[in-house]
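All heavy atoms count here, side chains included; hydrogens, waters and symmetry mates do not.
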Amino acid sequence: MTALTVLLVDDHPIVRAGVRSLFDRRDDIDVVGEAASGEEAIALARHLHPDVVLCDLRLGEGMNGVQTTAALRAQDPAPAVIILTTFDRDAEILGAIEAGAAGYLLKDIAPEDIVRAIRQAAAGGLVLTPELSERVVQVMRAPRVRLTERELDVLRLLDTGSSNREIAKTLFVTEATVKTHLVHVFEKLGADSRARALAIARESGLI
């Protein structure tokens, strides 16, 4: 039987070592590489052509798991991607699926379930627990907040702690324009303060 090839992507070496150890004594799954960032994963996948990529959602600086998934799925041949993470916010789960992930697993999952998920993903299946599947459906049915690209730019800079003046300087606009964008952002998010707007944006996966 030909072994399925797997690429591990996580910015913590100890986590990669722990996941790799799950497959050390298996003949049907072969870990062909490890990456500490999304950029490294994309380069390795282009060279190694793994069947499945197990990717964390948060990868430190640079690309996150959703962005990495989208880039990996754009390759030819495209590996199946399973997000393996500790984060289970609805918006993040939906974002990963929309980016092309074949599954979304939490790191407290049983080892045999990870093995089963790899096989299922490699065969073209979708890997979600019944609970996560139900949550994804509920999120998809709910109305979604839509911000313009410039509103998102302002929100991201706000998240770095930038003042209105600093945001205006970065975006080459006036402070009045920044304030107008923030008013629109607050209205769309139903927020009454910067802190609340940022909290809602994070919960919704906007930033």
For the residue pair D56 and T85, confirm or rule out a side-chain donor-acceptor distance under 3.5 Å.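 There is such a pair (donor and acceptor under 3.5 Å, judged by atom type) between the side chains of D56 and T85.
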Please determine, by modelled atom types, if T180 and T177 share a side-chain donor-acceptor pair under 3.5 angstrom.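 Per modelled atom types, T180 and T177 side chains form no pair under 3.5 Å.
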Mind checking whether [X] and [Y] sit in one hydrophobic cluster, side chains of I, L, V, M, F, W, Y counted as touching below 4.5 Å?
{"X": "L152", "Y": "I200", "value": "yes"}
{"X": "V31", "Y": "V53", "value": "no"}
{"X": "L157", "Y": "L189", "value": "yes"}
{"X": "V15", "Y": "I82", "value": "yes"}
{"X": "V115", "Y": "I109", "value": "yes"}

Identify the two heavy atoms, one from [X] and one from [Y], that lie closest to each other, and give their separation to 0.1 Å.
{"X": "A101", "Y": "T69", "value": "N-CG2, 3.5 Å"}
{"X": "A80", "Y": "A121", "value": "CB-O, 3.6 Å"}
{"X": "A36", "Y": "R16", "value": "CB-NH1, 3.7 Å"}
{"X": "G60", "Y": "D11", "value": "N-OD2, 3.5 Å"}

So do [Y] and [X] actually touch side chain to side chain, heavy atoms under 4.5 Å?
{"X": "L57", "Y": "Y104", "value": "yes"}
{"X": "L54", "Y": "V9", "value": "no"}
{"X": "D28", "Y": "L4", "value": "no"}
{"X": "L198", "Y": "R156", "value": "no"}
{"X": "E151", "Y": "T148", "value": "yes"}
{"X": "I97", "Y": "L126", "value": "yes"}
{"X": "V173", "Y": "V178", "value": "yes"}
{"X": "L158", "Y": "L182", "value": "yes"}

Could you measure the distance from the [atom1] atom of [X] to the [atom2] atom of [Y]? Nearest 0.5 Å is fine.
{"X": "I29", "Y": "D24", "atom1": "CD1", "atom2": "CG", "value": "11.5 Å"}
{"X": "H12", "Y": "L59", "atom1": "NE2", "atom2": "CG", "value": "10.0 Å"}
{"X": "R196", "Y": "F186", "atom1": "CZ", "atom2": "CZ", "value": "12.0 Å"}
{"X": "C55", "Y": "M63", "atom1": "SG", "atom2": "CE", "value": "9.0 Å"}
{"X": "T174", "Y": "K169", "atom1": "OG1", "atom2": "NZ", "value": "15.5 Å"}
{"X": "L84", "Y": "L8", "atom1": "CG", "atom2": "CG", "value": "9.0 Å"}

Step by step, would you call K188 with L147 a side-chain contact (heavy atoms from CB on, under 4.5 Å)? CA-CA 8 Å; K188 290 180 179 181; L147 299 182; 3.4 Å; yes
Side-chain ion pair, D10 and K107, N-O less than 4.0 Å: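 Yes, this pair counts.
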Can any side-chain N or O of E34 pair as donor or acceptor with the backbone N or O of L7 at less than 3.5 Å?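 Flag not set: sc E34 to bb L7 has no pair under 3.5 Å.
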Just wondering, are more than 12 heavy atoms of other shown residues or ligands nearer than 6.0 Å to CZ in R20?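 Enclosed.
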Is there a side-chain hydrogen bond (donor to acceptor under 3.5 Å, both in side chains) between D30 and T5? Walk through the geometry before answering. CA-CA 5 Å; D30 181 20; T5 54; over 6 Å; no
Please test R73 against V81 for side-chain contact (heavy atoms from CB on, under 4.5 Å), starting from the C-alpha separation and ending with a verdict. CA-CA 8 Å; R73 293 297 297 162; V81 182; 4.1 Å; yes
Could you go through the salt bridge (charged side-chain N to carboxylate O under 4.0 Å, His left out) check for R119 and E112 one step at a time? CA-CA 11 Å; R119 291 175 181 155; E112 281 305 314; 5.5 Å; no
Evaluate salt bridge (charged side-chain N to carboxylate O under 4.0 Å, His left out) for D159 paired with R202, printing each intermediate quantity in order. CA-CA 10 Å; D159 191 38; R202 294 189 191 103; 2.5 Å; yes
Kindly write out the residues that satisfy side-chain hydrogen bond (donor to acceptor under 3.5 Å, both in side chains) with T170, not counting sequence neighbours, or none if the list is empty.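 Scan of T170 (side-chain hydrogen bond (donor to acceptor under 3.5 Å, both in side chains), adjacent residues dropped) gives none.
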Set out, in order, the CA-CA distance, both residues' side-chain angles and the distance that settles side-chain contact (heavy atoms from CB on, under 4.5 Å) for L171 and D153, then state yes or no. CA-CA 8 Å; L171 298 180; D153 289 338; 4.1 Å; yes
Using the side-chain contact (heavy atoms from CB on, under 4.5 Å) rule, take L105 and I83 through it: C-alpha gap first, then chi angles, then the decisive distance, then the call. CA-CA 6 Å; L105 304 175; I83 297 295; over 6 Å; no
